[in-house]
Amino acid sequence: MRTFGKKSLIVSYTIPFNHILTKVISSMIAQVVFDLPLDGPFDYLVPEHLVPLIAPGMRVKVSFGPKAQIGFVIGLLEKSSFPKLKSIQSLCGDSAVFNGLDLTFAQDFCAYYGCSLGEGLSTMLRNKEDHRSSVRRDHKPLLSLYRCPPGSYAAKIQEIIDGYRGHPRHSQADKAEESRFLILVPDAFRGQTLSQQLKGVGPVKIGTRSSVFEGSGQHDCVIMVDEEDSSYKQEQMPMYDAAQVLLTRSKIYGFDIAFVGISPSVELMALALSGKIKLIEDSTASLSPARLVDLSNYKFVPGLISPPVRDALEGALKAGKKSILVLNRRGAYRLTRCVDCAEILKCAHCDSSLIYSRLEGKFLCRHCTYAAPGDTVCPKCHKPSWRSQGIGVEQVQSELKKLFPQAKVVAFERAIKEKKQSLPDFDIFISTNAVLRFQGTLEAHLAAFIDFDAELNRLDMRSAFNAFSLALHISSMVLESVFIQTRNSNHYVLQSLSRGKTQDFYDEELKLRKEFGFSPFKHWVRISWRGKSEKSIQEHALQVYNVLSKSAPDNYTITPPLADAVGRKRDQFRFNVMMQADHVRQAVAFIKSTLAQIKRSRGIVTMNVDP
């Protein structure tokens, strides 16, 4: 981009990193990128007194547009094609924060996730606690997948770490130092639990999603726990997936990876089945088959709890055993409608119906922090004539208290989990999938899914896998029986669970994904627009779609712009265009070149690979 005033021109460069990594003392031009959605690079004159000090990978302060900005030097040149250049004001630090390996990774990272090089480097720097120079190990990385139940994670990690002790292949960068390990976990709570279980292990660091950028050659092995967890997906640009990032970093820096989990993602299992990752099955990974309860056999039985589950709960209570019931729906009721005018009570900031929570006595939005008091009147007819419907964990709790008045029935969900830092005492524990935070610490003799079909029918290409994974994780917390209430007992997920043959699920899921063109066989990139003006956002999305569809290769599939499943969230309207392609980097490059041709709208544009 040149002319840093009100108008600008975006110019993309392919940077030969092997050429720019060597410091050239005689160079007078620095190529600089910024933490902005602008590709660059931008040429700046290097003052004579900084020539001996400046090097690629350093941060510099420069004038960019109307104010000063901190940028990253990615190259040094002797000449620039632009006659008038601004000078670098100062260096930020005495040494480079990135070396050649880091810049090579950053280029690949940005090409895959559609962000600018400056945005990628800023993302890396924000999460790179260890600023020592990255190193490249001189051996081919070992990639392993260990399948075992969550209760065995700590023991398996200990076993992996012990296998590195004293091995001549490892810690070659510093023989005097012990092997070093980074353990990635989905959330801080599970990290704390694992830290307690691994006390005394040695030089081990435990981190969440952003810590993936610390695996820069300072670690012998990065251990990733439950890589399929949605917490590993970044929700803001760049929308990276930690497992994909980890695999790329391993190739560049040469460290080993050990994936530990009970339900690896379909993409990771495909790599294991193809021999690219070594699959190691734990004998304890086999779980007892689930018992399917066909609700069509109990059409005229009132209530949410089927007779088989009710009988099992009663038996567990008499034996003094604990039970878990899972319903991934918050509150007591999912929808509230006015009896007089049929108006649905919705969030003031989102196109979403409010759920009602008896525990808080409020109507709550499931997408933002909006809450309305329980005595809210209808905004249309101004009458408090509400009728609520749909089920949530609180409603299940109410029914169970009537069935078993002497039992300790506890409801637990995302809205209140932060108020309960420890596991409460219970006989029957009803929860959303927030119960997974207690993996390794909670054990019950019985578990039951109240409405498993809702998990299977979500608007998500991964709905089948997510339901399957949830069932396996819950089953691993149960000592005896798992019940699944369903009206779709022939579904391949349920058949796999009922037979206790998890590989059957992966075989069928891979076959379906190949047929429909989903990851890992083909890839989808979602281009999203969001902003305050519904009309301008929709028009811009349509304009981009028209250009994409006219110039796209024949093997690309592009969908017209559609409103998001929840068209307005947090006062912003949202539209999406989906593109299917064989290769991510080519698709992302095509999208970016198209967006560069069109004047940007006032809204925010993002790209999400395999959402």
*Asks:* Name all residues meeting the ring-ring contact (aromatic ring centres under 6.0 Å, His included) criterion together with Tyr356; count only those two or more places apart in sequence or in a different chain, and write none if there are none.
*Replies:*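 ring-ring contact (aromatic ring centres under 6.0 Å, His included) list for Tyr356, sorted by chain: Phe363.
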*Asks:* Can you list the steps and then say if Asp187 with Ser231 is a side-chain hydrogen bond (donor to acceptor under 3.5 Å, both in side chains)?
*Replies:* CA-CA 7 Å; Asp187 56 69; Ser231 299; 5.3 Å; no
*Asks:* Between Tyr153 and Gly261, what is the shortest heavy-atom contact and its length?
*Replies:*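 Taking every non-hydrogen atom into account, OH-CA, 3.3 Å.
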*Asks:* Going from CG on Leu446 to CZ on Phe483, what distance comes out if it is rounded to the nearest 0.5 angstrom?
*Replies:*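 If I round to the nearest 0.5 Å, the distance is 6.0 Å.
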*Asks:* As an exercise, state the distance from CZ of Arg147 to CG of Leu279, rounded to the nearest 0.5 Å.
*Replies:*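 Taking CZ in Arg147 and CG in Leu279, the distance rounds to 7.0 Å.
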*Asks:* Report, as yes or no, whether the 6.0 Å neighbourhood of atom CD on Gln236 holds more than 12 heavy atoms from other residues, nucleotides or ligands.
*Replies:*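 It does not: Gln236 CD has 12 such atoms or fewer within range.
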*Asks:* Would you please test Met239 and Val609 for side-chain contact (heavy atoms from CB on, under 4.5 Å) and show each step?
*Replies:* CA-CA 7 Å; Met239 296 182 176; Val609 176; over 6 Å; no
*Asks:* Given 3.5 Å as the limit, does a donor-acceptor pair link the side chain of Arg330 with the main chain of Thr432, or not?
*Replies:*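 A pair under 3.5 Å: no.
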*Asks:* If you look at every heavy atom in Tyr232 and Pro186, which pair is closest and at what distance?
*Replies:*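 Between these two residues, the closest heavy atoms are OH-N, 3.2 Å.
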*Asks:* With sequence neighbours left out, which residue pairs that include part of residues 512-525 fulfil the salt bridge (Lys or Arg N to Asp or Glu O under 4.0 Å) condition?
*Replies:*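 Output for this query lists Glu267-Arg513, Glu509-Arg513, Lys522-Asp582.
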*Asks:* Without swapping roles, check the side chain of Ser463 against the backbone of Leu456 for a donor-acceptor pair under 3.5 Å.
*Replies:*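 Yes, Ser463 side chain to Leu456 backbone: donor-acceptor pair under 3.5 Å.
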*Asks:* Verify side-chain contact (heavy atoms from CB on, under 4.5 Å) between Val260 and Ile160, making sure each step is shown before the conclusion.
*Replies:* CA-CA 10 Å; Val260 177; Ile160 294 169; 3.9 Å; yes
*Asks:* Give, for atom OG of Ser265 and atom CG of Asp229, the distance between the pair rounded to the nearest 0.5 Å.
*Replies:*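 Reported value, rounded in 0.5 Å steps: 11.5 Å.
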*Asks:* Could you tell me whether the side chain of Asp427 and the main chain of Lys322 form a donor-acceptor pair under 3.5 Å?
*Replies:*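 No: the side chain of Asp427 does not pair with the backbone of Lys322.
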*Asks:* Is any side-chain heavy atom of Asp340 closer than 4.5 Å to one of Cys378?
*Replies:*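 In short, these two side chains do not touch, never coming nearer than 4.5 Å.
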*Asks:* With a 4.0 Å cut-off, would you call Lys408 and Asp425 a salt bridge?
*Replies:*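 A salt bridge links Lys408 with Asp425.
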*Asks:* So, for Tyr298 and Pro308, which heavy atoms are closest and what is the spacing to 0.1 Å?
*Replies:*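 Scanning both residues completely, I find the closest heavy atoms to be OH-CG, 3.2 Å.
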*Asks:* Taking all non-hydrogen atoms of both residues, which atom of Ile474 and which atom of Ala447 are closest, and how far apart?
*Replies:*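 Where Ile474 meets Ala447 most closely, the heavy atoms are CG2-CB, 3.8 Å.
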*Asks:* Determine whether Tyr164 and Phe181 satisfy the following criterion, ring pair (Phe, Tyr, Trp, His ring centres under 6.0 Å), listing intermediate values before the conclusion.
*Replies:* CA-CA 10 Å; Tyr164 280 79; Phe181 302 89; 5.3 Å; yes
*Asks:* Between Arg530 and Asp564, does the salt bridge (Lys or Arg N to Asp or Glu O under 4.0 Å) criterion hold? Intermediate values first, please.
*Replies:* CA-CA 10 Å; Arg530 69 177 189 269; Asp564 201 65; over 6 Å; no
*Asks:* Sorted by first residue and then second, give each salt bridge (Lys or Arg N to Asp or Glu O under 4.0 Å) pair with at least one member in residues 375-391; sequence neighbours left out.
*Replies:*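 Checked against salt bridge (Lys or Arg N to Asp or Glu O under 4.0 Å) - neighbours excluded - no pair reaches residues 375-391.
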*Asks:* Which atom names give the shortest non-hydrogen contact between Cys347 and Arg568, and what distance separates them?
*Replies:*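 Here Cys347 and Arg568 meet closest at O-NH2, 4.0 Å.
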*Asks:* When rounded to the nearest 0.5 angstrom, what distance separates CG in Asp504 from CZ in Arg499?
*Replies:*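 With rounding to 0.5 Å, CG (Asp504) is 5.0 Å from CZ (Arg499).
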*Asks:* Does the ring centre of Phe189 sit less than 6.0 Å away from the ring centre of Phe438?
*Replies:*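 Aromatic pair counts; centres sit under 6.0 Å.
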*Asks:* Can you list the steps and then say if Glu314 with Arg310 is a salt bridge (Lys or Arg N to Asp or Glu O under 4.0 Å)?
*Replies:* CA-CA 6 Å; Glu314 185 175 3; Arg310 189 185 311 159; over 6 Å; no
*Asks:* Looking at Gly517, is its backbone amide N or carbonyl O close enough to the side chain of Gln580 to form a donor-acceptor pair, meaning the two atoms are under 3.5 Å apart?
*Replies:*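 Confirmed, Gln580 side chain pairs with Gly517 backbone.
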*Asks:* Name all pairs fulfilling the ring pair (Phe, Tyr, Trp, His ring centres under 6.0 Å) condition that reach into residues 299-350, sequence neighbours left out, sorted by first residue then second.
*Replies:*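 Ring pair (Phe, Tyr, Trp, His ring centres under 6.0 Å) check on residues 299-350 returns His349-Tyr370.
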*Asks:* Are side-chain heavy atoms of Lys346 and Cys365 found at a separation under 4.5 Å?
*Replies:*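 The answer is no, as the side chains (C-beta and beyond) never meet within the 4.5 Å cut-off.
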*Asks:* Got a donor-acceptor contact below 3.5 angstrom from the Glu394 side chain to the Arg358 backbone?
*Replies:*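 Answer holds: yes.
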*Asks:* Output all residues satisfying side chain to side chain contact (heavy atoms under 4.5 Å, CB included) with Asp451, sequence neighbours left out; order by chain, then residue number.
*Replies:*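 Only Leu327, Arg329, Asp453, Ala454 meet the side chain to side chain contact (heavy atoms under 4.5 Å, CB included) criterion with Asp451.
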*Asks:* Without swapping roles, check the side chain of Ser496 against the backbone of Lys501 for a donor-acceptor pair under 3.5 Å.
*Replies:*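 Yes; judged by distance alone, with no hydrogens or angles, the pair exists.
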*Asks:* Assess the residue pair Asn576 and Leu562 against the criterion (side-chain contact (heavy atoms from CB on, under 4.5 Å)); give the C-alpha distance rounded to whole Å, side-chain angles, the decisive distance to 0.1 Å, and a yes or no.
*Replies:* CA-CA 5 Å; Asn576 303 316; Leu562 295 173; 5.9 Å; no
*Asks:* The test is side-chain contact (heavy atoms from CB on, under 4.5 Å); show your working for Ser431 and Ile324 and say whether it passes.
*Replies:* CA-CA 8 Å; Ser431 178; Ile324 302 172; 5.7 Å; no
*Asks:* Please name all residues satisfying side chain to side chain contact (heavy atoms under 4.5 Å, CB included) with Lys321, sequence neighbours left out, ordered by chain then number.
*Replies:*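 Residues passing side chain to side chain contact (heavy atoms under 4.5 Å, CB included) with Lys321: Ala316, Ala319, His445, Glu480.
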*Asks:* Measure centre to centre between the rings of Phe465 and Phe518, then say whether the value is under 6.0 Å.
*Replies:*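 Distance test on ring centres: not under 6.0 Å, no.
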*Asks:* Under 3.5 Å, is there a donor-acceptor pair between the side chain of Arg180 and the main chain of Lys205?
*Replies:*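 No, because the side chain of Arg180 does not come within donor-acceptor range (under 3.5 Å) of the backbone of Lys205.
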*Asks:* Is a side-chain donor-acceptor pair under 3.5 Å present for Arg209 with Gln234?
*Replies:*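 Yes.
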*Asks:* To the nearest 0.5 angstrom, please state how far the CD1 atom of Ile277 sits from the CG atom of Leu143.
*Replies:*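 That separation rounds to 5.5 Å.
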*Asks:* Which pair of non-hydrogen atoms, one from Trp386 and one from Thr376, has the smallest distance, and what is that distance?
*Replies:*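 Between these two residues, the closest heavy atoms are NE1-O, 2.6 Å.
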*Asks:* Calculate, to the nearest 0.5 Å, the distance between atoms CG and NZ belonging to Leu400 and Lys402 respectively.
*Replies:*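 NZ of Lys402 is found 11.0 Å from CG of Leu400.
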